[in-house]
Amino acid sequence: MSELSETSVTTRQRTPHLLSRWSWRELWQGQLWPVAVALTLIIACVFALSALVVRVEKIMTDQGRSVLAADLVLVSGNPIDDDILTSASQRGLTLSKQTRFGTMAFSDENMQLVSVKAVANDFPLRGNLALSSGEVVSVQSQHVQPGELWLAERLFSLLAVKEGDEVMIGDAQFTVSGLIAQDPELSFNPFSQMPAVLIHQDDIARTGAVQLGGRVQYRMYFVGADDALALFRQSIELQVGQRWISESTQGRTGDLIDRARQYLSLTLILVIIMASATLVLTCQHYTASRRETVAMMKSLGARKAWLWRWLAGQLLMLFAFAAVLGVGLGALLETLLRLPLGDILPDPLPPMGLTPILTSVLVALLVAIPGMGISLIKLVNTPAIAVMQPEGSAQSGSGLLNTGLSNTRQASPWRFGLVLLPLGALLIWFGDNTLMWLTLLGLAVMLILLAAIGVAVVALLRKKRWGPAMQLALSRIGRSPLATGAQLAALTASLMLLAVIWLLRTDLLADWHQTLPPDAPNVFALNISEAETQSYLAALDAQNIEHSSMYPVIRGRLVASNGEQFLTNNQIPQDNKNAQASGDQAQPDEALRRELNFTWRELPPVHNQIIAGAWGGEGTVSVEQGIAERLSIQVGDELEFTVNSQPFSATVGSVRHVEWRNMRPNFYFIFSPDVVAELPATFLVSFRIGSDQSPLLNQLGRDYPTVSLMDLRTMASRIQLMLQQVSLSLSVLAALGVVSGLLLVLTLLRLGLSQRQQEMKLYRTLGASRQRISATVWSEYGTMALIAGVMATLGAESMVAALVHFGFELTPQWHPLLWLGLPTIAVGLVLALAQSMLPKLLQPLKN
């Protein structure tokens, strides 16, 4: 009895060790390695993409704030109230003042209209101000000091001065301290730029240039914690002529980065969907391959608790292995994704923290719980009698998704409640993200439609007369409508997601290249008098410089529509002001709080598109689409304006789509000449010059000293470089999505073909030849691939059109090459895989 007890204790002690060894052997030699690959793919993709998103968002926030020279900027047309400054100080915010005004700069030989920026001695709060004195360029630590005058590079040639010379700014005389080598504040608005000079705030009074009624802009810069900034911003009631500027409202690159981030998030979701489908399929195949083993162990007395311990050991090993390998591969993949962005990312990179690791493991866990749990619950519930009745003999369905479609009654349906876990996480994660919900809803609807269309197509094909092999293949495909629909929907969906990822990338890149082509204007000439317009154009033509038309420009305000005044900040009723301060009511539209640039033309600009109404007609105005939608302006409305306190009105004749990113002259309102042609105006023209044509630009400045030249070459080059590098990153990302899609397709086909061996034995018993079986397999899978390829093309075109229109707000376009390429790729891929597996499938014929 004692010996028996010792043996029992020894057996119990050795059981965990044996289970661990068995579990490890199952992981490497059994059917669990495809599950490990799918889990590793999910973790690696989520880690890489989330790490890249974290880094890019931090970089864009930091760069955006560096361009602002602060975290938040308040811009005002009047001196900023001291109460605002007191409130900011009480909240622990650091602040700095700046005053901007336009005036003339005089040297001994020339004069030039300049934009004076009078800054405090702590400017900038963010970013770097590089000032060059002599041959030394340094990032200033002492900032601009009282009595100093720093000039933009072009002013040295325009004013014919050098460092140490005297320049008059208003009534004050300054000695040129040096060159502004780098100003953190960049602006892409050609109407607000003139060659800049920097002086100190304390020197404003002695210039005498800031007078009552003059055009002066006051800016206050704030730096602090994000929550303190948000509370401070909500507590301030803006007055007329005041507005906030933050990193999200500044810079043309914001739209490009925002769409790149949307594509990044969308690709992440599609990759997770495809990897999750791969995980579900491999888990189903694993449970089918282990059904007889579980039945045998139950027949030998194994209980469910013991089986769960056995399976739990395997799954823990599997998940730990996939997590370690997935994070490692994800870190490598994130590095590869960053390589194309190396020139624009800062060094050192901002830390990504633990968020990518936690996110990737959590996403994998949420996907694995239902993806593996449903199949494993069914496996544990396998009856012991199944050891004598294999599942394959009871299956009535067949094909790509055969595994797991039968024997569903042996397990309680409650196991499908595990799907609520990832669904709940999606609700929390997506929130009000319309693009993501649109994608998921579109996928769900598309799968149902594709399944129905696939079944209908197969039914139509079966009515035709075909050869014996094709007839047998169609009979097998159509044997079970449910199985056929699931097969075609799964194969079609995987091909469709693969195409969607690539097409979205192609459409985004095409849109970016169209909106900012290599020949986009990079210089604007403003404040051209009417008498100089013809001679200025002649000077450009003499140098063979392509240029835009000459645009007259006047500044004014939109004040009313159909007799109803638009409300600005100081006109909002008190009860609404309280709601506005608490964030319950939107701010008045930005276009109502400042003067806008108006123009008039006989013909519409070639780079604008009329989307409503018609161009022309006396007393009319053409309105930009965005402001028309925001202010509910329609064709036929009567709008009222003021220019220099002179009121006038015009009827809306048309609405235009304006692409603001193309760096061409664009306007909210374009009038017919009879409305405003009598008002005094200056003129504007844009053109493009090369990087080696700076002397020409300086010559134009000397020949036309009153014309302001806005040189945007540096900014345009930065955007073009960023565009090229983001394009490379999106290509790498799209390639990753394609690999995930191909893995799903190959998993579908491999599992489907591996289930055919039993049928091969049956065909052999009935006397089928090797050639007949091969022809049947090729006909079956070739037909499935062709149908799936055509439906995937249709689905991809539809889904991409919807995403492009509603998610990215672009114009959808068709892709003719896709209709030829995707079905061909699908058929070639399927037939190649079938051919590679045929020798194994035909193995029974050699016995």
Side-chain angles (χ1 to χ4, degrees), residues 102 104-115 130-137 149-169 176-183 186-188 190-198 516-529 531-551 663-665 682-721:
M104 295 299 296
F106 299 89
S107 65
D108 290 340
E109 299 183 19
N110 292 323
M111 62 180 179
Q112 175 65 40
L113 183 64
V114 297
S115 174
L131 303 176
S132 171
S133 178
E135 296 183 355
V136 178
V137 178
L149 173 67
W150 299 86
L151 304 181
E153 182 178 9
R154 282 198 306 116
L155 286 176
F156 283 89
S157 60
L158 293 176
L159 295 174
V161 296
K162 61 183 182 298
E163 185 178 338
D165 289 348
E166 301 295 325
V167 172
M168 293 289 295
I169 302 292
V176 177
S177 303
L179 165 72
I180 305 173
Q182 177 183 331
D183 187 346
L186 296 179
S187 172
F188 291 92
F191 297 104
S192 63
Q193 286 196 348
M194 290 179 286
V197 303
L198 290 179
L516 190 60
D519 60 347
N522 56 15
V523 177
F524 285 76
L526 301 95
N527 300 320
I528 305 173
S529 67
E532 293 177 318
T533 55
Q534 295 304 317
S535 62
Y536 203 92
L537 292 179
L540 295 178
D541 292 336
Q543 299 293 331
N544 296 318
I545 297 176
E546 294 186 8
H547 56 81
S548 69
S549 302
M550 191 70 73
Y551 288 84
M663 297 186 72
R664 301 182 186 276
T682 58
F683 288 78
L684 156 73
V685 66
S686 65
F687 52 92
R688 181 176 184 83
I689 64 172
S691 58
D692 58 342
Q693 293 181 293
S694 294
L696 170 62
L697 204 60
N698 293 333
Q699 185 62 46
L700 285 172
R702 286 190 291 268
D703 294 343
Y704 299 90
T706 60
V707 174
S708 299
L709 286 170
M710 307 296 103
D711 187 357
L712 305 180
R713 285 178 293 176
T714 301
M715 301 176 192
S717 298
R718 288 183 185 179
I719 297 178
Q720 290 286 0
L721 178 61

Nearest-0.5 Å distance that lies between atom [atom1] in [X] and atom [atom2] in [Y]:
{"X": "Leu697", "Y": "Ile689", "atom1": "CG", "atom2": "CD1", "value": "4.5 Å"}
{"X": "Leu198", "Y": "Ile180", "atom1": "CG", "atom2": "CD1", "value": "3.5 Å"}
{"X": "Met168", "Y": "Leu159", "atom1": "CE", "atom2": "CG", "value": "13.0 Å"}

Shortest non-hydrogen contact from [X] to [Y]?
{"X": "Leu684", "Y": "Pro665", "answer": "CD2-CB, 4.0 Å"}
{"X": "Arg664", "Y": "Pro521", "answer": "NH1-CD, 3.8 Å"}
{"X": "Ser549", "Y": "Val685", "answer": "O-CG2, 4.0 Å"}
{"X": "Leu155", "Y": "Ala196", "answer": "CD1-O, 3.6 Å"}
{"X": "Phe106", "Y": "Met111", "answer": "CD2-CB, 3.5 Å"}

Looking at side-chain heavy atoms only, is the closest gap between Leu149 and Val197 below 4.5 Å?
yes
Could you work out, with ring pair (Phe, Tyr, Trp, His ring centres under 6.0 Å) as the rule, every residue matching Tyr536, not counting sequence neighbours?
Tyr704
Judged by atom type as modelled, is there a donor-acceptor pair below 3.5 Å linking the side chain of [X] to the main-chain atoms of [Y]?
{"X": "Ser548", "Y": "Ser686", "answer": "yes"}
{"X": "Ser107", "Y": "Ala160", "answer": "no"}
{"X": "Asp703", "Y": "Leu700", "answer": "no"}

List the steps and the verdict of side-chain contact (heavy atoms from CB on, under 4.5 Å) for Leu151 and Val161.
CA-CA 10 Å; Leu151 304 181; Val161 296; 3.9 Å; yes
Can you establish whether the number of heavy atoms outside Glu166 located under 6.0 Å from its atom CD is more than 12?
yes
Sequence neighbours left out, what passes side-chain hydrogen bond (donor to acceptor under 3.5 Å, both in side chains) with Ser529? Give chain and number order.
Glu532
Asp541 meets the side-chain hydrogen bond (donor to acceptor under 3.5 Å, both in side chains) criterion, sequence neighbours left out, with His547
